[in-house]
Amino acid sequence: MDIKVPRGTQDILPSESGKWQAIEALIREQCRMYQYKEIRTPVFEHTELFTRSVGDTTDIVQKEMYTFQDRGNRSLTLRPEGTASAVRAFVEHKMFGYANQPVKLYYMGPMFRYERQQAGRYRQFVQFGIEAIGSADPAIDAEVISLAMSVYQNAGLKKLKLVINSLGDTESRVSHKTALVNHFEPHIEEFCSDCQNRLQKNPLRILDCKVDHNHPLMETAPSLADFLNEESAAYFEKVKEYLTILNIPFEIDPNLVRGLDYYNHTAFEIMSAAEGFGAITTLAGGGRYNGLVEELGGPDAPGIGFAMSIERLLLAIEAENNEWTEKSTLDVYVIGLGEAAKKKAVELTYQLRQQKITADMDYLDRKMKTQMKSADRLQAKYVLVIGDDELEQDSAMVKDLATGAQSLVPFSSLVDHIKTSSTQLGAEE
RNA sequence: GCGGUUGUGGCGAAGUGGUUAACGCACCGGAUUGUGAUUCCGGCAUUCGGGGGUUCAAUUCCCCUCAGUCGCCCCA
């Protein structure tokens, strides 16, 4: 078999899936505390959804999307991020009419971006994200950020860095854009063709161009911070104030610009400061997107959200050396010796499971010693041994693997015996 | 898109231009024909990612290719 997983994808094996489930449970619990409700949207959408929301001059849309034609000649795209779908659903199902506003949503699932893989970056990766749509209160910006922080803290992470910035409102951005165009236009022929295209459509993207990043005009480009109008600056101040009330430390990075076009006002990233972490330190990113709902055909509802990568969260946990010790969940391993005893073993294993006692047995007809070894490796609490002698007495030999003690117990009282001894065990701990 | 690095059994990992490719783990069998640690004995790669070339001879040298991995950029 020489077929392998496609590039940039991975199998999460049984030895790892326990961690995933633990993280997922932690996340769902946090969302419950904050009263965000899960929304599940398709993994593919009409391509236009992303070109219109994420922005058709962004890297994501221009070179990272998995876009294909279906048999009906529709252009579809595997979702590269979650906000577009959530907002699309918000509009499609008229959630702006819901009694409870803002509408608070969360999602968790695979996203797809065609990129070269490296540590913490995959072509299929899992994002957890939330969206609060319908409120322009800076307090909810702080709530959104605090939920992200609280997931990380509950996962045991300590080395975190929150970076925030304000991208300003439409007016601020328009004046900044004009300044950028004026700045670059006289020398635009010195830039790459991509940048020349970006000049009128989205000059901000010129600033993170890969080709021309050494051009002297990059250094002297007008900064967004200088173009924030009064309302935008006041809004940003309020967000900072609320973060301070919540005791969440932050840094301001005036150069923080998110890679998606729909953001305005608050933008933030949470990074890992753990040493030994890969080159990619961003754990989560998000921001406000007033205007996006309208862009997708809804009313003028403001929104804010973030997305985080589960893969990177797990990497960060590892980098901070927080071990997840997985406890064995096997109560009983049943060993049947000989044909008649095996039949009994099959029956008993089934009965134990029905009584909510986890049980397993050998299906390879291995010898006693090897089965004991299996039981040991599986960290079973008890082993039941059934042979001809036990059958004659309608009993099983019950061995406590921790102490090594064993006793003959009648089949009829096996379940009670195991239940009472395990609760005693549990009480001693 | 660009660059570094790696590719030997289920896993980890040595190694050499030349008849049998170390070792460790795991696994299987036995010592112990009904009991898990340890120990001892035995078994477990006609083959060194794939293709081509150099050579009397290549897993070892050269070229190409594929794949993993890491980094740049950007992002989650």
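- When each of A:Y114 and A:L401 is assigned the nucleotide of RNA chain B with its nearest heavy atom, A:Y114 is the one assigned upstream, toward the 5' end.
- Residue A:K399 contributes atom NZ, which lies 10 Å from atom P of B:A37 at whole-angstrom precision.
- Across every non-hydrogen atom of A:H265 and A:Y235, the tightest pair is ND1-CD2, 4.0 Å.
- The number of heavy-atom neighbours closer than 6.0 Å to CD of A:E48, taken from other residues, nucleotides and ligands shown, is 12 or below.
- One P atom belongs to B:G43, the other to B:G24, and the distance between them is 13 Å to the nearest Å.
- In summary, A:K19 and A:E16 engage in a salt bridge, as defined by a charged side-chain N under 4.0 Å from a carboxylate O.
- Taking the C1' atom of each, B:U8 and B:C48 are spaced 4 Å apart, rounded to whole Å.
- Taking atom P in both B:C23 and B:C62, the straight-line distance is 29 Å, to the nearest Å.
- Nucleotides B:G17 and B:C75 are separated by 48 Å at their C1' atoms, to the nearest Å.
- Nucleotides B:C44 and B:U5 have their C1' atoms positioned 32 Å apart, rounded to a whole Å.
- With sequence neighbours left out, the side chain to side chain donor-acceptor pair (under 3.5 Å) criterion links A:S75 to A:T47.
- Considering CD of A:E269 and CD of A:E251, their distance stands at 12.0 Å, rounded to 0.5 Å.
- Using a 4.0 Å heavy-atom criterion, one finds that A:E390 contacts the bases of the nucleic acid, with or without backbone contacts as well.
- With respect to the salt-bridge test (charged N to carboxylate O, under 4.0 angstrom), the residues A:K240 and A:D141 do not qualify.
- Using P as the reference atom, B:A22 and B:G42 are 15 Å apart when rounded to the nearest Å.
- With B:G34, B:A76, B:U35 as the candidates, the nucleotide lying closest to the side chain of A:V385 is B:G34.
- Using a 4.0 Å cut-off between a side-chain N of Lys or Arg and a carboxylate O of Asp or Glu, A:K159 and A:E320 do not qualify as a salt bridge.
- The P atoms of B:U6 and B:A26 are separated by 30 Å, rounded to the nearest whole Å.
- The distance from atom CG of A:D376 to atom C1' of B:A37 is 8 Å, rounded to the nearest whole Å.
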- Hey, mind stepping through A:L162 and A:I270 against side chain to side chain contact (heavy atoms under 4.5 Å, CB included) and telling me if it holds? CA-CA 5 Å; A:L162 169 65; A:I270 300 170; 3.8 Å; yes
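- Residue-level contact check: A:E115 touches the bases, meaning some heavy atom is under 4.0 Å from a base atom.
- Here, B:U47 and B:U20 have their C1' atoms 13 Å apart, quoted to the whole Å.
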- Query: Based on Watson-Crick and G-U pairs with both distances under 3.5 Å, what dot-bracket line describes RNA chain B 5' to 3', crossing pairs as [ ] and inter-strand pairs as |?
  - Reply: (((((((..(((.....[....))).(((((.......))))).....(((((..]....))))))))))))....
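- Contact check for A:M149 versus A:F250: no side-chain heavy atoms found under the 4.5 Å cut-off.
- Nucleotide B:C73 holds its C1' atom 15 Å from the CD atom of A:Q62, rounded to whole Å.
- Although no hydrogens or angles enter the test, the distance criterion places a donor-acceptor pair under 3.5 Å between the side chain of A:T358 and the main chain of A:D331.
- Here the C1' atom of nucleotide B:A76 and the CG atom of A:D59 are 14 Å apart, to the nearest Å.
- For the contact set between residues 284-293 of chain A and RNA chain B, defined by any heavy atom under 4.0 Å, the members are A:A284, A:G285.
- Minimum interatomic distance between A:Q30 and A:N154 (heavy atoms only, all atoms of both residues): NE2-ND2, 3.2 Å.
- Checked against a 6.0 Å centroid threshold, the rings of A:Y106 and A:F306 do not count as neighbours.
- Ion pairing between a basic and an acidic side chain is recognised when a charged N comes within 4.0 Å of a carboxylate O; A:E390 and A:K344 show no such pairing.
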Atom pairs under 3.5 Å, N or O on each side, protein against nucleotides 69-71 of chain B: can you list them with distances?
{"unit_1": "B:U69", "atom_1": "OP1", "unit_2": "A:Q117", "atom_2": "NE2", "d": "3.3"}
{"unit_1": "B:U69", "atom_1": "OP2", "unit_2": "A:Q117", "atom_2": "OE1", "d": "3.1"}
{"unit_1": "B:U69", "atom_1": "OP2", "unit_2": "A:Q117", "atom_2": "NE2", "d": "3.1"}
{"unit_1": "B:C70", "atom_1": "OP2", "unit_2": "A:A119", "atom_2": "N", "d": "3.4"}
{"unit_1": "B:G71", "atom_1": "OP1", "unit_2": "A:A279", "atom_2": "N", "d": "2.9"}
{"unit_1": "B:G71", "atom_1": "OP2", "unit_2": "A:A119", "atom_2": "N", "d": "3.2"}

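- Put simply, the side chain of A:N165 gets close to the backbone of A:P254: a donor and an acceptor are under 3.5 Å apart.
- Using a 4.0 Å heavy-atom distance criterion, A:M368 is classed as a base contact.
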Restricting both atoms to N or O, compile the protein contacts to nucleotides 24-31 of chain B shorter than 3.5 Å, with distance only.
{"unit_1": "B:C27", "atom_1": "OP1", "unit_2": "A:R377", "atom_2": "NH1", "d": "2.3"}
{"unit_1": "B:C27", "atom_1": "OP1", "unit_2": "A:R377", "atom_2": "NH2", "d": "3.0"}
{"unit_1": "B:G30", "atom_1": "OP2", "unit_2": "A:K367", "atom_2": "NZ", "d": "2.9"}

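- In this structure, A:L283 reaches the sugar-phosphate backbone alone: every heavy-atom distance under 4.0 Å involves primed, P, OP1 or OP2 atoms, never a base.
- In this entry the distance linking CG of A:D389 with C1' of B:U35 reads 14 Å, nearest Å.
- Rounded to a whole Å, the CD1 atom of A:I335 is 10 Å from the P atom of B:G36.
- Listed by chain and number, the residues in a side chain to side chain donor-acceptor pair (under 3.5 Å) with A:K177 amount to none (sequence neighbours excluded).
- When heavy atoms are screened at a 4.0 angstrom cut-off, A:G129 is found touching no nucleic acid atom at all.
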